[in-house]
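Everything on this sheet refers to the single structure shown next.
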Amino acid sequence: MYLYQNEFVPKDQVHISPDDRGYYFGDGVYEVFRVYNGTLFEAEGHYDRLEKSAREVRIPLPYSIEHLDEQLRKLIRLNELTEGTVYMQITRGAALRSHPFPNQAEPVLMAYCTEMARPLQNMKQGITAITVDDIRWLRCDLKTLNLLPNVMAKQHALDQGAHEVILHRNGTVTECSASNIMIVINGELHTHPANHLILHGITRAVVLSLARNLNIPVREEAFTLDDLRRADEVFITGTTTEITPIISINKEAVGQGTRGMVTEKLQAAFEEHLLQP
């Protein structure tokens, strides 16, 4: 079942207008929620980010956050989803194709569930990455439908035989195609500050909180490609990737080329966090 506007309908009954501005312009926002044991993970953080993204691009939310939460939880029950994701997007609505905001357009909401196993093998064995220039727009903190640069970057990595890309602006590392990135140097955790150049990841925030609870020093400061090259550990954080180590960058091993001790410690703390009510 899908949630379309305010109704639960089969997928084949979801009819998006060809005049929808999400189709023409990517004029919309979205969120991807992780579901563990049938429950939305860190839902409040996702809703806060949704409200910010919608406010900044001036799309009025069609329903209150309380109502959206109720509907998403019902969607999970209807689909009998135990482990996976919920995708939700809201576009500005349908109107004749013209750049200015339409005077009359009703926002369109759609949400659905996807079963998805946890990436346990990648979390243990690690993945490979390459570095590329970050040529995206300057409001990466907004979770909008404009993802073609991310798609192209991800495909470039796959074409090069790597799993992921590490983006940088003039040598300053920002994030990856669909995840945040953190490095460990001499036991200290470094990650780009949560400003307009990166997405303010929900899992990122959880991991930083866990690190501080573990007395791991944290620096939310910009770091460079040189810092990346000399890092003892590198890992990504994200809704679907959780905490996944990067063991090779540009075909050069990171540290010992295996999951590091800090990464493993944070993964263990994340497991404990999942068990909390």
Practice item. Drop me the distance from Leu228's CG to Ile181's CD1, to the nearest 0.5 angstrom. Key: 5.5 Å

Check your understanding: Any ion pair linking Lys143 and Glu31 (charged N to carboxylate O, less than 4.0 Å)?
Key -> no

**Study point:** Beyond-backbone contact of Ile216 with Val184, side-chain heavy atoms, under 4.5 angstrom
**Key:** no

Check your understanding: What are the two closest heavy atoms between Thr128 and Ala162, and how far apart are they?
Key -> OG1-CA, 3.4 Å

Review point. Between the side chain of Gln89 and the main-chain N/O of Leu145, is any donor-acceptor distance below 3.5 Å?
Key: no

Review point. For Arg21 and Pro100, which heavy atoms make the closest approach, and how far apart are they?
Key: NH1-O, 3.2 Å

Check your understanding: Should Val234 and Phe270 be regarded as members of a common hydrophobic cluster, given that ILVMFWY residues are connected when their side-chain heavy atoms come within less than 4.5 Å of each other, either directly or indirectly?
Key -> no

Exercise for review: Would you indicate whether Ile135, at its atom CD1, is surrounded by more than 12 heavy atoms from other residues, nucleotides or ligands within a distance under 6.0 Å?
Suggested key: no

Review point. Do the side chain of Glu83 and the main chain of Tyr36 share a donor and acceptor less than 3.5 angstrom apart?
Key: no

Point to revise | Intermediate values then yes/no, side chain to side chain contact (heavy atoms under 4.5 Å, CB included), Glu242 and Thr237 | key: CA-CA 5 Å; Glu242 298 189 15; Thr237 63; over 6 Å; no

Review point. Can you name the nearest heavy-atom pair linking Ile185 to Arg230, along with the distance?
Key: CG2-NH1, 3.5 Å

Practice item. Run the numbers on Asn250 and Thr131 for side chain to side chain donor-acceptor pair (under 3.5 Å), then give the verdict. Key: CA-CA 7 Å; Asn250 296 331; Thr131 56; 3.0 Å; yes

Check your understanding: What about Tyr2 and Tyr87, are their ring centers closer than 6.0 Å?
Key -> no

Check your understanding: Any side-chain heavy-atom pair from Leu40 and Tyr47 closer than 4.5 angstrom?
Key -> yes

Practice item. Please say which of Asn180, Ile183, Ile243 ends up in a side chain to side chain contact (heavy atoms under 4.5 Å, CB included) with Phe235. Key: Ile243

Point to revise | Near-ring test Tyr4/His15, centroid separation under 6.0 angstrom | key: no

Point to revise | Asp12, CG: over 12 other non-hydrogen atoms inside 6.0 angstrom | key: yes

Exercise for review: Give a yes or no on this: more than 12 heavy atoms of other residues, nucleotides or ligands lie within 6.0 Å of atom CG of Asn170.
Suggested key: no

Practice item. Look only at the side chain of Thr174 and the backbone of Leu167, and say whether a donor-acceptor pair between them is shorter than 3.5 Å. Key: yes

Point to revise | Distance in Å, Leu138 CG paired with Leu197 CG, rounded so as to fall on 0.5 Å steps | key: 6.5 Å

**Study point:** Rounded distance [0.5 Å steps], CD in Glu42 versus CG in Leu274
**Key:** 9.0 Å

Check your understanding: What distance separates Glu175 CD from Asp134 CG, expressed to the nearest 0.5 Å?
Key -> 7.0 Å

Revision key, fill the gap. The reported gap from SG in Cys113 to CZ in Arg77 (rounded to nearest 0.5 angstrom) is 11.0 Å

Review point. Within a radius of less than 6.0 Å around CD of Gln276, do more than 12 heavy atoms belonging to other residues, nucleotides or ligands occur?
Key: yes

Check your understanding: Within the distance-only criterion (no hydrogens, no angle test), does the side chain of Asp69 pair as donor or acceptor with the backbone N or O of Glu66 below 3.5 angstrom?
Key -> no

Check your understanding: Got a sec: does the CG of Leu120 have more than 12 other heavy atoms crowding it under 6.0 Å?
Key -> yes

Check your understanding: What do you reckon, is CD of Gln13 surrounded by more than 12 foreign heavy atoms closer than 6.0 Å?
Key -> yes

Review point. Minimum heavy-atom separation for Gly38 to Ile76, with atom names?
Key: O-CG2, 3.7 Å

Check your understanding: Under 3.5 Å, is there a donor-acceptor pair between the side chain of Asp20 and the main chain of Gly22?
Key -> yes

Practice item. Look only at the side chain of Asp232 and the backbone of Asn186, and say whether a donor-acceptor pair between them is shorter than 3.5 Å. Key: yes

Review point. Are any of the side-chain heavy atoms of Leu208 and Arg212 separated by less than 4.5 Å?
Key: yes

**Study point:** Over 12 foreign heavy atoms within 6.0 Å of OH, Tyr23
**Key:** no

**Study point:** Flag, side chain of Ser209 to backbone of Ala205, donor-acceptor distance under 3.5 Å
**Key:** no

Check your understanding: With Ser177, which of His163, His156, Lys154, Gln155 fulfils side chain to side chain contact (heavy atoms under 4.5 Å, CB included)?
Key -> Lys154

Review point. Side-chain donor-acceptor pair under 3.5 Å between Asn37 and Thr39, yes or no?
Key: no

Check your understanding: Can you tell if the side chain of Thr239 reaches within under 4.5 Å of the side chain of His46, non-hydrogen atoms only?
Key -> yes

Exercise for review: Step through it carefully: locate the ring centre of His273, locate the ring centre of Phe41, and say whether they are under 6.0 Å apart.
Suggested key: yes

Review point. Is the closest side-chain heavy-atom distance between Val173 and Asp227 below 4.5 Å?
Key: no

Exercise for review: Run the numbers on Asn146 and Thr144 for side chain to side chain donor-acceptor pair (under 3.5 Å), then give the verdict.
Suggested key: CA-CA 5 Å; Asn146 296 278; Thr144 74; 3.3 Å; yes

Check your understanding: Taking C-beta and beyond as the side chain, do Arg169 and His192 meet within less than 4.5 Å on heavy atoms?
Key -> no

Practice item. Would you check, one step at a time, whether the test side chain to side chain contact (heavy atoms under 4.5 Å, CB included) holds for Lys74 with Glu70? Key: CA-CA 6 Å; Lys74 185 175 181 179; Glu70 179 182 323; 5.8 Å; no

Point to revise | Gln5/Tyr63 under side chain to side chain contact (heavy atoms under 4.5 Å, CB included): CA gap, chis, key distance, verdict | key: CA-CA 9 Å; Gln5 297 299 65; Tyr63 310 102; 4.0 Å; yes

Exercise for review: Please check if Ile59 and Phe101 belong to a single hydrophobic cluster, counting links between Ile, Leu, Val, Met, Phe, Trp and Tyr side chain heavy atoms closer than 4.5 Å.
Suggested key: no

Review point. Hey, is Glu220 close enough to Arg204 for a salt bridge, meaning N to O under 4.0 Å?
Key: yes

**Study point:** pair Glu164-Thr244: side-chain heavy atoms closer than 4.5 Å
**Key:** no

Review point. Could you go step by step and tell me if Glu233 and Lys265 meet the salt bridge (Lys or Arg N to Asp or Glu O under 4.0 Å) rule?
Key: CA-CA 12 Å; Glu233 303 178 40; Lys265 187 180 296 185; over 6 Å; no

Exercise for review: Could you pull out the closest heavy-atom pair between Thr241 and Gly238, with the gap in Å?
Suggested key: OG1-N, 3.1 Å

**Study point:** Heavy-atom donor-acceptor pair, Thr91 side chain to Val29 backbone, under 3.5 Å
**Key:** no

Point to revise | Interatomic distance, Thr258 atom OG1 to Lys124 atom NZ [nearest 0.5 angstrom] | key: 11.5 Å

Check your understanding: Shared ILVMFWY cluster between Tyr30 and Leu199, side chains joined below 4.5 angstrom?
Key -> no

Point to revise | Heavy-atom side-chain proximity of Arg92 to Pro102 below 4.5 angstrom | key: yes

Point to revise | Backbone of Ile249 reached by a side-chain donor or acceptor of Arg229 within 3.5 Å | key: no

Practice item. For Leu68 and Gln71, run side chain to side chain contact (heavy atoms under 4.5 Å, CB included): C-alpha distance rounded to whole Å, both residues' side-chain angles, the deciding distance at 0.1 Å, then the answer. Key: CA-CA 5 Å; Leu68 288 175; Gln71 294 295 76; 5.7 Å; no

Review point. Can you check whether Asn195's main-chain N or O pairs, donor with acceptor, with His200's side chain at less than 3.5 Å?
Key: yes

**Study point:** Non-hydrogen atoms of Thr263 and Pro245 that approach each other most closely
**Key:** CG2-CB, 4.1 Å

